[in-house]
Structure formats: structure tokens, C-alpha cells
Number of protein chains: 2
Amino acid sequence: MQTSLASHLPESARAALMPFEALPELDIQQLQHHMPVTQRKVKAGQYLYRAGQPFHALYLVHAGFLKTSELSEDGREQVTGFRMRGDLMGVETIGLKAHTCDAVALEDSVIWELPYPPVLDASLHIPELQLRLSSALAEEIRRDRSWMLTIGTLPAEQRVAAFLLDIASRLARLGFSARHFILRMGRADIASFLALKHETVTRALSHLEDIGYISVQRREVKLLDIPMLRSHAGMRAMLA
Amino acid sequence: MQTSLASHLPESARAALMPFEALPELDIQQLQHHMPVTQRKVKAGQYLYRAGQPFHALYLVHAGFLKTSELSEDGREQVTGFRMRGDLMGVETIGLKAHTCDAVALEDSVIWELPYPPVLDASLHIPELQLRLSSALAEEIRRDRSWMLTIGTLPAEQRVAAFLLDIASRLARLGFSARHFILRMGRADIASFLALKHETVTRALSHLEDIGYISVQRREVKLLDIPMLRSHAGMRAMLA
DNA sequence: CAGGGCTGTTGCAAACCGTTACGCGACGTT
DNA sequence: AACGTCGCGTAACGGTTTGCAACAGCCCTG
């Protein structure tokens, strides 16, 4: 019992489960009426912020690609996510005085900096902003939970498949090709994110290529059979 | 390089990294001036809410013990967390129309029900409530990230040790004993939460008992050597 | 009180993944 | 152009975790 699949849910419920609801984009123009919103450029390899640094702004990715990584007290490190255009960064720090994770640019990036106490004050006057902020926080939770499911229950190769589909679907939302893209991160970062070792990621990618689902050459990836990939990955990542 | 442990951080930063900042408790009395806050009783084994059900309230645990579990489209399930007095539930649903996870009571529980659109409106008028809400969201993210680190980098036995310390520290915050408590969940739930199998949890507990760190009898747990447990667990969970 | 189901425990064999090691190619520097 | 470095791919080995199976104890029910 209790094996109630999502397919058993009513149609309305399924729609509500879709992860990327159409939310109004953050309107930078409007925000600038309430606070100083500045642009920041971060070169590849540079930190946007580091754990321990004072927290004084949220960041909205305008262009580029970044990763965030968490460091435990005893030195274990794990990549907690990858961010691209439209993603809001730093929300996990709300309520604290200093950042709890590192944010590194994987390619030259352009970031909108939203000063933190002001942006919270502004949300008191702009209900739409408040909704956007709390939704972003909630989405972050859902994203993490989703990866807990992936990491916790899928074997290595399926995690890698799910990862590729996730990246592809996010690129597609931005208007890029979902079938052919360049990974901005190395094998080690993928491995850390998926709680694997880089060799295992390599093996998984090689095998996915052997069975004809993808084609890989260094960081260049082509998804040759998305339906098969999806079923292989437990259908976690949704992609048109 | 880049092995910057937290101990290298300035003192001010370390303080900000502490997970449980003193935040004002949610004042139910005050909230009732702005919206109808009702109490709900949930018996052991009953659902507080289920994935797919319409989302119309946040829930503040007043007494009892619950678990939340996520279900993927293909039927894989994972426990995403355990909730006790003072924990806010349902925040991951903000921005959606229906719940994305199940919440089940593991013992008879009493819950405050905070109707959702109203509580968001109220936070526009009560800045302190807004701060409390967004902090709760952010804390949830940090909690999940912390477990991603645990699950992603620690072997089975250390995960179990970290789990026991986490439960203990949360019980201690509520005034219960951190050294002697009754687990409210079965081995399977612990295993699911830690991304292990229930046999592995059993074996880990047995071994921790063999080496004298704890004592276990079915669901009754005594922590005999908390310092050793902590070092064993990679010092993740903090406990007095 | 007996029976049945659920939960927890333990042993053994097998699979998976991490570890270690090494080779290869691209890139940047001297 | 030679060199060193870094990222990536491959292979063999070993260890941890898992899966299977059998069993014991508790609780609920009849």
C-alpha cells in the first residue's frame, strides 16, 4: 500500500506540481525606484560571495553561470547547485548575518545586486515583490528536495541522466537548445553535486553514450534520445 | 588551498553561522487579530496534508511529531524531514496551488493552522511576521543543504550518528533530555531520510552500541558518549 | 491465550561504487 | 617548441552497502 504514484492524482493536482510556474519576472526598473540596484560583473573563477562574508545583498543572475558550494566544519565540501540567468542567489542566508556557502562564477557573469535589508523593506510596499521573494525561497526548497530524492534513491548512472535533463530543461526555458549544449562545469563539480566521484560520472557518461542515449566530447553534450533518457532517469526531470 | 575550515573564519562570522538564532516565537495571540487561527488535532498515522491536496494553510506544530515525505513520479519515496514543536510546515508549497509532499503524524499531534493567503497579507502589516516567515523559509533551505552534505559525503554509520545528534539537539531545545529519548519513527523512515536501507540503519545502530557510544533497545535511545558521537559524525550536528 | 502481522535483527553473498593508479590530450607558460 | 599543469578517460582492486533470507520479539486482534 501507499505506493500512490503521482499519476493517481487528479489532473488539477498534477498541474500544481509542475515546478516552473509562470511567475512575473523581477522588474529591475521598478526596484530601482525603491533602492539602489547595481550591476556586478564576476569573471570566471572569481567568487560572487564566500561563506563567512557579511550578508548584505541578494543576487539575481542576469547572464553567465555560477555554482554554489557548501563547506562543513570538518572540511567536507559539496556543490549545492548551479545558477543561470533568472536565478536568485543568496536567499539561503536570509535571517543570518553572514553567508553560509561559496558562490563561484564558472564563466564570466553579470549579476544584479539587491541590497538586503532594503529589498525586504521594499517587499512590504510591493506585495508582488513579496510574493516573488517567498516563491523564490519556496522554489529553492523544492529544488533541494527534488535532488534529495534523486541522490537518495537513484544509482549513479540515473543520477547523471537526471542531471543532464535538468540542465537541458533549464537551458530550454532560457531559449537555448535542450539537445545540444556545453557544460560549464567540470566532472568533479558534477560528481560533487550528485554525491559521486568524478570517475563514476565519467563511467556513467561513457555508458550513456555506449547505449546511444547521448553523445559526449569533453564538455560538449548532445542528447540523442530524450525519451529514453527520461525513463532511464526515473522521469524526474521534466523536459518538452 | 581552499580548505578554509569554519574555524578560520572571524568570530563574528562564526556566530552568524550558528543555525538556531534566537528568533521571536510566532505569537499566535497576535496573529488571531489578523486572521482566524484554528487548532487541528492529528492522530498517529493520519495525514496532516497529502501531495496534490489544495494548499490553503501553513502549519505550526504545537505538540507531537510528524514526518514529511516526497514522492517522485515513478513511485520512489523519500522522507524529507521530521517535525516537532515550533516547526513550521508547508512553507515549501508557497507559490503553488497544491502540496508537493505528504505530512504524516507519527504520534498524536496538535497543529496551529495559519490560512495561507491571509498569513501572507498579515506579514505585509507585521514586519516582524514577515521576518519570521522568510527566516523560516531560509532555515528550511539551510536544513536541507546540511542534510545534502551529510548524505552526500558521510558513510552510513556516520549519517546515523549525525541523525541521532540532530534529533537530540532539537529535543534539547524544547527542554527534553538530549541523552535519553524515544524515537518516534521506525527504522525504515530513518533509512529513507538518510538514503540508506533499514538493515543498514540497524547495523549502524548495533555497531554504535557495540563501541559504547549509545545504547539502543528498539526505539529507546541513550546517548552515552556525545563527544565521541560528535567527532564520529564529522561534528555536523551541534549539541551542548 | 493463541495466531498473525509488523518491526527489528543478523548472516552471507553479490553488486555497486570508491580508491588508486596511470595514460592521454588541451592549454598556458617559460 | 618544450615543459608543466589541469581536466578527463580507463582499468584493476577492495570495501562498503545492499539484497535476500531466516528468525526473534512485540502488538494487535480474534
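The chains referred to below are lettered A, B, ... by the order of the sequence lines, with proteins before strands, and numbering in each begins at 1.
- Dashed line: the shortest gap from a side-chain N or O of B/S206 to OP1 or OP2 of C/dT10 is under 4.0 Å.
- We find that CG of B/L205 is positioned 11 Å from C1' of C/dT9, with the value rounded to whole Å.
- With D/dC8, C/dT7, C/dT19 as the candidates, the nucleotide lying closest to the side chain of A/K197 is C/dT19.
- At whole-Å resolution of the value, CG in A/L196 and P in D/dC8 are 15 Å apart.
- The side chain of B/T200 contributes an N or O atom lying less than 4.0 Å from OP1 or OP2 of D/dT18.
- Residue A/Q217 qualifies as open at atom CD: its count of foreign heavy atoms under 6.0 Å is 12 or below.
- Here the shortest heavy-atom pairing between B/E107 and B/A44 reads CA-CB, 3.6 Å.
- None of B/S69, B/S192, B/S72 except one satisfies the side-chain hydrogen bond (donor to acceptor under 3.5 Å, both in side chains) rule with B/E77; the exception is B/S69.
- What separates CD of B/E157 from C1' of D/dG15 is a distance of 14 Å, to the nearest Å.
- Remark: P of C/dT9 and CG of B/L183 are 11 Å apart, rounded to the nearest angstrom.
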request  = Carefully, step by step, assess B/R145 and A/D144 under the rule salt bridge (charged side-chain N to carboxylate O under 4.0 Å, His left out).
outcome  = CA-CA 7 Å; B/R145 295 274 169 84; A/D144 288 346; 3.0 Å; yes
ask   = What's the verdict on salt bridge (charged side-chain N to carboxylate O under 4.0 Å, His left out) for A/R159 and A/D166, showing C-alpha distance, side-chain angles and the deciding distance?
value = CA-CA 10 Å; A/R159 293 187 212 178; A/D166 182 64; over 6 Å; no
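- A donor-acceptor pair shorter than 3.5 Å can be found between the side chains of A/H207 and A/E157.
- Classified by interplanar angle (parallel below 30°, tilted 30° to 60°, perpendicular above 60°), the ring pair A/Y49/A/H99 is parallel.
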Output one line per pair: protein atom, nucleotide atom from nucleotides 20-26 of chain C, and distance, for all N/O pairs under 3.5 Å.
{"unit_1": "C/dT20", "atom_1": "O4", "unit_2": "A/E199", "atom_2": "OE2", "d": "3.0"}

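- Nucleic acid contact class of B/R203 (heavy atoms, under 4.0 Å, all strands): base.
- For B/L194 and D/dT17, the CG to C1' distance is 14 Å, given to the nearest whole Å.
- Of the candidates C/dG18, C/dG8, C/dC17, C/dG8 carries the atom nearest the B/R187 side chain, counting heavy atoms from C-beta on.
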task = Report the C-alpha distance between A/F176 and A/F181 in whole Å, list the side-chain angles of each, state the deciding distance to 0.1 Å, and finish with yes or no for ring pair (Phe, Tyr, Trp, His ring centres under 6.0 Å).
result = CA-CA 8 Å; A/F176 296 106; A/F181 50 88; over 10 Å; no
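- A distance of 10.5 Å separates CG in A/L194 from OG1 in A/T200, rounded to the nearest 0.5 Å.
- Residue A/A204 is classed as having no contact, given no heavy-atom separation below 4.0 Å to the nucleic acid.
- Taken over five-pair windows at either terminus, the axes of the helix from C/dC1-D/dG30 to C/dT30-D/dA1 are inclined to one another by 40° (rounded to 10 degrees).
- B/Q158 places its CD atom 11 Å from the P atom of D/dT16, with the value rounded to the nearest Å.
- Across the protein-nucleic acid pair, A/H207 atom NE2 and C/dC17 atom C1' stand 15 Å apart, rounded to whole Å.
- In the set D/dT17, D/dC8, C/dT10, C/dT10 carries the atom at the smallest distance from any side-chain atom of B/T202.
- Rounding to whole angstrom units, CD of residue A/E220 and P of D/dG9 are separated by 13 Å.
- Using a cut-off of 4.0 Å between Lys/Arg side-chain N and Asp/Glu carboxylate O, B/R230 and B/D225 are scored as not salt-bridged.
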